Protein chains: 2
Amino acid sequence: MEGDAVPKTGRPTSKDVAHAAGVSQSTVSIVLAGKAAGRISDATAQAVRQAADRLGYRPNLAARSLRLGQTRTVLLVVPTLSSLFFGAIYTGAARAAAEHGFGVVVYPWPDVSGPARSPFAAAHEAIDGILASSMAVGVLDGLDPLPRVMLDSDPRGEAPTVNFDVAEGMRAVAAHLAALGHRRIGHLAAAVDAWTFRERAGVLSAAVRGRPGAGLVREFTEIEIGAAREAAGRLLDRPDRPTALVCDDDLVAAGACKAARALGLDVPGDVSVTGFDDMLLAKAVEPELTTVRLPAEELGARGMAALLELLDGRRPASVSLPGELVVRASTAAPRRP
Amino acid sequence: MEGDAVPKTGRPTSKDVAHAAGVSQSTVSIVLAGKAAGRISDATAQAVRQAADRLGYRPNLAARSLRLGQTRTVLLVVPTLSSLFFGAIYTGAARAAAEHGFGVVVYPWPDVSGPARSPFAAAHEAIDGILASSMAVGVLDGLDPLPRVMLDSDPRGEAPTVNFDVAEGMRAVAAHLAALGHRRIGHLAAAVDAWTFRERAGVLSAAVRGRPGAGLVREFTEIEIGAAREAAGRLLDRPDRPTALVCDDDLVAAGACKAARALGLDVPGDVSVTGFDDMLLAKAVEPELTTVRLPAEELGARGMAALLELLDGRRPASVSLPGELVVRASTAAPRRP
DNA sequence: CTGAAAGCGCTTACAG
DNA sequence: CTGAAAGCGCTTACAG
């Protein structure tokens, strides 16, 4: 505690630790990197660790990055953070990254209300790889050739993908409704040009087309409560009113329920409604929503694992996570099938 | 386009640009930092910028950070990202930061489902300052003495704060309910040890105490739909059932509505319910919630502005953002006042 | 108006 | 088993 060289400028450096422990900077570096085994005597290693502790030493990451040519940080690009869904993806990704000593920087882009510049003009562009989720087609084209894994995206692209099996989820919705006896189906489709929504529309169309006597009408809507309500109203106003409304998102389903109620229609008595995602909202509204559970946190974690493999020089397999149908109170047999 | 020295290892450096433009590295640095005025001839500056463009040069941030001793990155610590509220704070903070060339790294902490380690053990700890929101008391104690601004936190701490005026918001709720004729008030209080909730409880107690003939009962609940529903059930089961339920969060209010419905009680006919936050949920449920609008995105932006001031050596003033009462359909006069 | 040099703090061959 | 040295890419005095 006596004559330790107190570093002049705030934080102690490895040089300070070396001085305090009476060894060289190289020794400090080797010990603190956990590479002492068979190279540094136990006594010396002990001394280094104690000195580091005492001084409160933490390595300067900028220097390490510069030397190593890598930052141990990856960028997560999501369309917005105004959705629990992407918050969950981040949480999963950050957890998986932390297990490997990596950090995650999120960038909502392109986000109307978010940062205006591209992720790569931002100050924190010191990055080893990119995880991008649910991007509209072409949004990421022509950008950095950094190692990249795509989440919830068209698997036919060049980058490895980690997806939900939305096709299976949508088929389960169609089968559930068919079993209940619904024949006139309305689809409240998200007006978002992304793989997942095209996939859902295609599967639902095919499923209904495959059933004799069944018909499908479709309206597009922003994923927003007011817009969803209006779109649902248009569907519900039709002379051949659908007995079931399949929605691309729980929020859209909430809007659909509001539209039904405004027309004096009971859910699920007069019209059944299904959602997609199974985030918090599905159980907050009344009736609670029949929906497809998409494990967003796991998607983030698996995506990060794949990216870490990629950074490690391996080629990760593309994976598809099952989406599970959760039947709650918003679906029932139609009154007059 | 002819004999440009193609950099060996991927990315071009300022040295490559210097060589391509036929100048020194210093000149490149000065020009690209925008400090050429009166120091470098226009022709030279032109040549540098063209060479940089052509090579696709982008400065290595690790090297810049090392040299400058600062990273132009700040850390945003929030309790969780499983809440739209904190997503909005991030969005606002990131926007304000980007305007000044700063990046923001979010860290949900302590978050059960999030990264396990403290923000300062994480890989991305290369940071100039900290913005922390809605932390439980003492959570940030004993950490880095980095410049810090607290959001939605006790203003009596050492760090500058940027807050909502929750006291005023809660007073508006109490006045609204009083004007409607409610006398028996139930408070569904968040079981979270944070400044904002203690403030709300204190203000509501005082407001009710100040009205002759009025009474207050309080139950604590996690901010979670199932827990809120149970807590609301306990309040609604009392012989002197409250005619109005004041909730610390819209999600809690949604749970309260469910509890009422389960008991055959109409909202707002038999019991009025108010929320707090006015995030998406408030308009997704039925009836739509009377609530206090808390401008979370603005909180993030103002907080970042304050932190940037602090990093600039100035001492920002603490600010308090008004929370506005939004009257919707979940409150009405009690049937038997 | 421009260049040569130092140095930020780290890690990793290379000597010994 | 340990140390001296080089070098990652940048910015900023300092010369000229």
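Quantities reported herein were computed from a predicted structural model and do not represent experimental measurements. We name chains A, B, ... by the order of the sequence lines, and we start the count at 1 in each one.
- Distances from the side chain of Val23(B) to the nucleotides dG3(C), dG3(D), dC1(C) place dG3(C) closest.
- Between Tyr57(B) and Thr13(B) the shortest heavy-atom distance is CE1-C, 3.4 Å.
- The residue among Arg39(A) and Lys15(A) whose nearest nucleotide of DNA chain C is located toward the 5' end is Lys15(A).
- Contact check, Ser14(B) against dC10(D): a side-chain N or O comes under 4.0 Å of OP1 or OP2.
- Remark: Thr13(B) is not in phosphate contact with dC8(D), judged by side-chain N or O atoms under 4.0 Å from OP1 or OP2.
- Side-chain contact between Phe102(B) and Leu308(B) is present, with heavy atoms from C-beta onward closer than 4.5 Å.
- In the set dT2(D), dT2(C), dT12(C), dT2(C) carries the atom at the smallest distance from any side-chain atom of Ile40(B).
- Taking atom CZ of residue Arg67(A) and atom P of nucleotide dA5(D), one finds them 16 Å apart after rounding to whole Å.
- The NE2 atom of His19(A) sits 17 Å away from the C1' atom of dA4(D) (whole-angstrom rounding).
- In this structure, Gln25(A) places its CD atom 17 Å from P of dC8(D), rounding to the nearest Å.
- Straight-line distance from the CG atom of Asn60(A) to the C1' atom of dC8(C): 8 Å, rounded to whole Å.
- Applying the 4.0 Å criterion to OP1 and OP2 of dT2(C), one finds that Thr44(B) has a side-chain N or O inside that range.
- Across all strands, Ser29(A) comes closer than 4.0 Å to base atoms (heavy-atom distances).
- dT11(D) atom C1' lies 12 Å from atom CG of Leu32(B), rounded to whole Å.
- Within the 3.5 Å criterion, the main-chain N or O of Thr71(B) finds no donor-acceptor partner in the side chain of Arg64(B).
- Nearest to the side-chain atoms of Ser26(A) among the listed nucleotides dA4(D), dT2(C), dG9(D) stands dA4(D).
- Listed nucleotides dC10(C), dA4(D), dC10(D) differ in distance to Ser24(A); the shortest reach to its side chain belongs to dA4(D).
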Determine, stepwise, if the pair Glu309(A) / Arg315(A) fulfils salt bridge (Lys or Arg N to Asp or Glu O under 4.0 Å). CA-CA 7 Å; Glu309(A) 271 187 60; Arg315(A) 171 85 193 171; over 6 Å; no
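- Look at CZ on Arg64(B): it is 13 Å from C1' on dT12(D), rounded to the nearest Å.
- Salt bridge status for Arg148(A) with Glu158(A): absent, with no side-chain N to carboxylate O gap under 4.0 Å.
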Bracket string, DNA chain C, 5' to 3' - pairs by Watson-Crick or G-U geometry under 3.5 Å, | interstrand: |||.||||||||.|||
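- Listed here is the closest heavy atom pair of Ala51(B) and Ala20(B): CB-CB, 4.1 Å.
- Looking at Arg302(A), its side chain never comes within 3.5 Å of a backbone N or O of Val162(A) through a donor-acceptor pair.
- Set against dC10(D), dG9(D), dA6(D), the side chain of Leu66(B) has dG9(D) as its closest nucleotide.
- Judged purely by atom type and a 3.5 angstrom limit, Tyr90(A) uses its side chain to pair as donor or acceptor with the backbone of Val106(B).
- Rounded to whole Å, atom C1' of dT11(D) lies 8 Å from atom NZ of Lys35(B).
- Rounded to an integer number of Å, the gap from CG of Asp16(A) to P of dC10(C) is 9 Å.
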